[in-house]
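For reference, the structure is listed below as structure tokens.
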Amino acid sequence: MITKPRGTADIILGDVFKWRHIEGIFRQLCQEYNYHEVRTPIFEYTELFERGVGDTTDIVEKEMYTFLDRGGRSITLRPEGTASVVRAYLDNKLSSGLQPVKLWYYGPMFRYDRPQAGRFRQFHQLGAEVIGSEDPATDAELIAMLMSFYARLGLSNLRLDINSVGCPICRAELKIKLQDFFRPHMDRLCHHCQGRIDRNPLRILDCKVEACKTIGKDAPTTLDCLCRDCEDHFIKVKDHLNQINIPYNINGRMVRGLDYYTKTAFEIAAPEIGAQSAIGGGGRYDGLVESIGGNSTPGVGYALGVERILLAMENQKIAIPEEPALDVFIASADEQGSSMAFSLLETIRNKGISGDKDYLGRSLKSQMKHAGKTGCSLVVILGGQELSRGVAAVKDMRDGRQIELSVDKISEEIIKILGK
RNA sequence: GUGGGUGUAGCUCAGCUGGUUAGAGUACCAGAUUGUGGCUCUGGGGGUCGUGGGUUCAAGUCCCAUCAUCCACCCCA
């Protein structure tokens, strides 16, 4: 038996409809907020992610699916969406169109991680980006859009954390302050954080190890070192959120794992789905466009994980609409009836009615049984007795009543009964 | 990459301290006076007990390895 690769999933039958439900609501939302869809390749040159995501991040250091193609080029299956969208923005010269550029995307992402609850090697993200504006209102608009997406899905009890991680200038200052703060406690930090002191002291702030948490309780946070510009931006983001009554939680310790974030960072968690509780997150990335070769251009965006949203919806017992049942099943008792059923199906299907028949030569009884299981509204029975009189029996499976209709007019009559 | 739990029919699981042809429920298929679903009853197909070694007269059951899966660390969606 060949099985699916580790950390991947087949989405089958009824599950597909759940996915489509989520995708559909997101599409509608994007239209209302005036975001336009982009579809970028699933693989890119490795360099894009090294430069975009940051080569000291876990994603680039140990989680990428990277290989050499037959031409010897280093290719990587995308681990996230933003770098690709920004690359497409530059590649297609979208900077010379209407500004700002508001885009959304949907698709599979790949990270070589150990799977666990809510974490997969191939997972799916929906995301939105605004490129070309530094207005704090765009940050707030994206957060508002994200929150209204969850609300439309029926999710509740979510926690929105926001923070400002500053710009390279404030970050340099914070880095020094943190190093000064933690160095005296060096020996009591976990071994991971001991290494972080030099490379990325910000990460110590959200270390989950108790000792590090205790030591870091009074450490300076990103919010203590914001420059005037960043401080001002953060205040305005909060003002905009207040203006439209979006509750948030300020978390100066939230440090996101992608290097490109500047100023605003945010994350939405559904605590009950397990350790991997983030169901959406994002932030501003004013340096990203430049770092992958464009002119200095501000940007902000978010991504959300479809698998985790489904987990949260299951956890909160939110009913997801089911796939519409079949309209009509055509049962028959002999060759002639079966053959008529085949052509009658073509007629009704082309009038917008869904229909099916037996293809296994089953008895009428088992065809009825099968029809019952499809949940169809009507069964048309084409039997020898009826056909010899030019009629067909039509049974309404919802109330069990059965009538006879003339074969010539049957498709029109079915439409009437179904009210379509 | 590290740690722990679990691997028996399509699915959910039994299988006591190792002992004859491995079970149940559910799903699927068929039948219950030869043309009618849902309920009930009867029957049927379907498992090299994850895989490979080992211990033993004998292994689904014990030991080792390996793979997969789940959960957690880490990180993130």
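Nothing here was measured: the structure is a model prediction, and the numbers come from that model. Just so it is clear: chains get the letters A, B, ... in the order the sequence lines come, proteins before strands, and each one is counted from 1.
- In terms of phosphate contacts, A/T3 brings no side-chain nitrogen or oxygen within less than 4.0 Å of OP1 or OP2 of B/A68.
- In this model, a side-chain donor or acceptor of A/Q116 finds a partner on the base of B/C74 within 3.5 Å.
- Nucleotides B/C16 and B/A77 have their C1' atoms positioned 46 Å apart, rounded to a whole Å.
- Side-chain nitrogen and oxygen atoms of A/R362 include at least one within less than 4.0 Å of the OP1 or OP2 phosphate oxygen of B/C29.
- Annotation: side chain to side chain donor-acceptor pair (under 3.5 Å) contacts of A/Q402 (sequence neighbours excluded): none.
- Between A/Y33 and A/W104 the shortest side-chain heavy-atom distance does not fall below 4.5 Å.
- Between the base of B/C67 and the side chain of A/R6 there is no donor-acceptor pair shorter than 3.5 Å.
- Contact of the A/S411 side chain with the A/K351 side chain is registered, since non-hydrogen atoms from C-beta on lie closer than 4.5 Å.
- Taking atom P in both B/G23 and B/U48, the straight-line distance is 15 Å, to the nearest Å.
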For nucleotides 43-48 of chain B, print each protein N/O atom paired with a nucleotide N/O atom at under 3.5 Å, atom names and distance only.
none

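- Across B/C28 and B/G10, the matching P atoms stand 15 Å from one another, rounded to whole Å.
- Taking the C1' atoms as reference points, B/U26 lies 16 Å from B/G44, given to the whole Å.
- Both A/F120 and A/P115 sit near RNA chain B, but only A/P115 has its closest nucleotide nearer the 5' end.
- Rounded to the nearest Å, the gap between the C1' atom of B/G25 and that of B/C64 is 35 Å.
- Between A/N249 atom CG and A/L160 atom CG the span is 8.0 Å, to the nearest 0.5 Å.
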task = Quick one: the dot-bracket string of RNA chain B, using Watson-Crick and G-U wobble pairs with both distances under 3.5 Å, [ ] for crossing pairs and | for bases paired to another strand.
result = (((((((..((((.....[...)))).(((((.......))))).....(((((..]....))))))))))))....
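- In this structure, A/I162 CD1 and A/I250 CD1 are separated by 5.5 Å, a value rounded to the nearest 0.5 Å.
- In terms of heavy-atom proximity, A/A88 sits nearest to A/T40 at CB-CG2, 3.9 Å.
- Listed nucleotides: B/A68, B/C71, B/A77. Nearest to the side chain of A/A117: B/C71.
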inquiry  = What does the B/S/- profile of nucleotides 32-42 of chain B look like, 5' to 3', with a 4.0 Å heavy-atom cutoff to protein?
reply    = ---BBBB----
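- Residue-level contact check: A/G337 touches neither bases nor backbone, having no heavy atom under 4.0 Å from any strand.
- No contact: A/L360 has no heavy atom under 4.0 Å from any strand.
- Here the nucleotide nearest the side chain of A/K62, chosen from B/A72, B/C74, B/G1, is B/C74.
- Counting heavy atoms of neighbouring residues, nucleotides and ligands inside a 6.0 Å radius, atom CD of A/E37 exceeds 12 of them.
- When heavy atoms are screened at a 4.0 angstrom cut-off, A/T57 is found touching no nucleic acid atom at all.
- When each of A/K263, A/K238, A/R284 is checked for a salt bridge (Lys or Arg N to Asp or Glu O under 4.0 Å) with A/D139, only A/R284 meets the rule.
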Under-3.5 Å N/O pairs linking protein and nucleotides 3-7 of chain B:
from : atom 1 : to     : atom 2 : distance (Å)
B/G3 : O6     : A/R114 : NH2    : 3.4

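- Side-chain proximity of A/S363 to B/A77, B/U69, B/G31: nearest is B/G31.
- Listed by chain and number, the residues in a ring pair (Phe, Tyr, Trp, His ring centres under 6.0 Å) with A/F120 amount to none (sequence neighbours excluded).
- Spacing of C1' atoms, B/C57 relative to B/G18, comes out at 12 Å, to the nearest Å.
- Within the 4.5 Å cutoff, the side chain of A/E314 has no heavy atoms near those of the A/I273 side chain.
- Where A/K4 and A/G280 meet RNA chain B, the nucleotide closest to each residue was compared, and A/K4 sits on the side nearer the 5' end.
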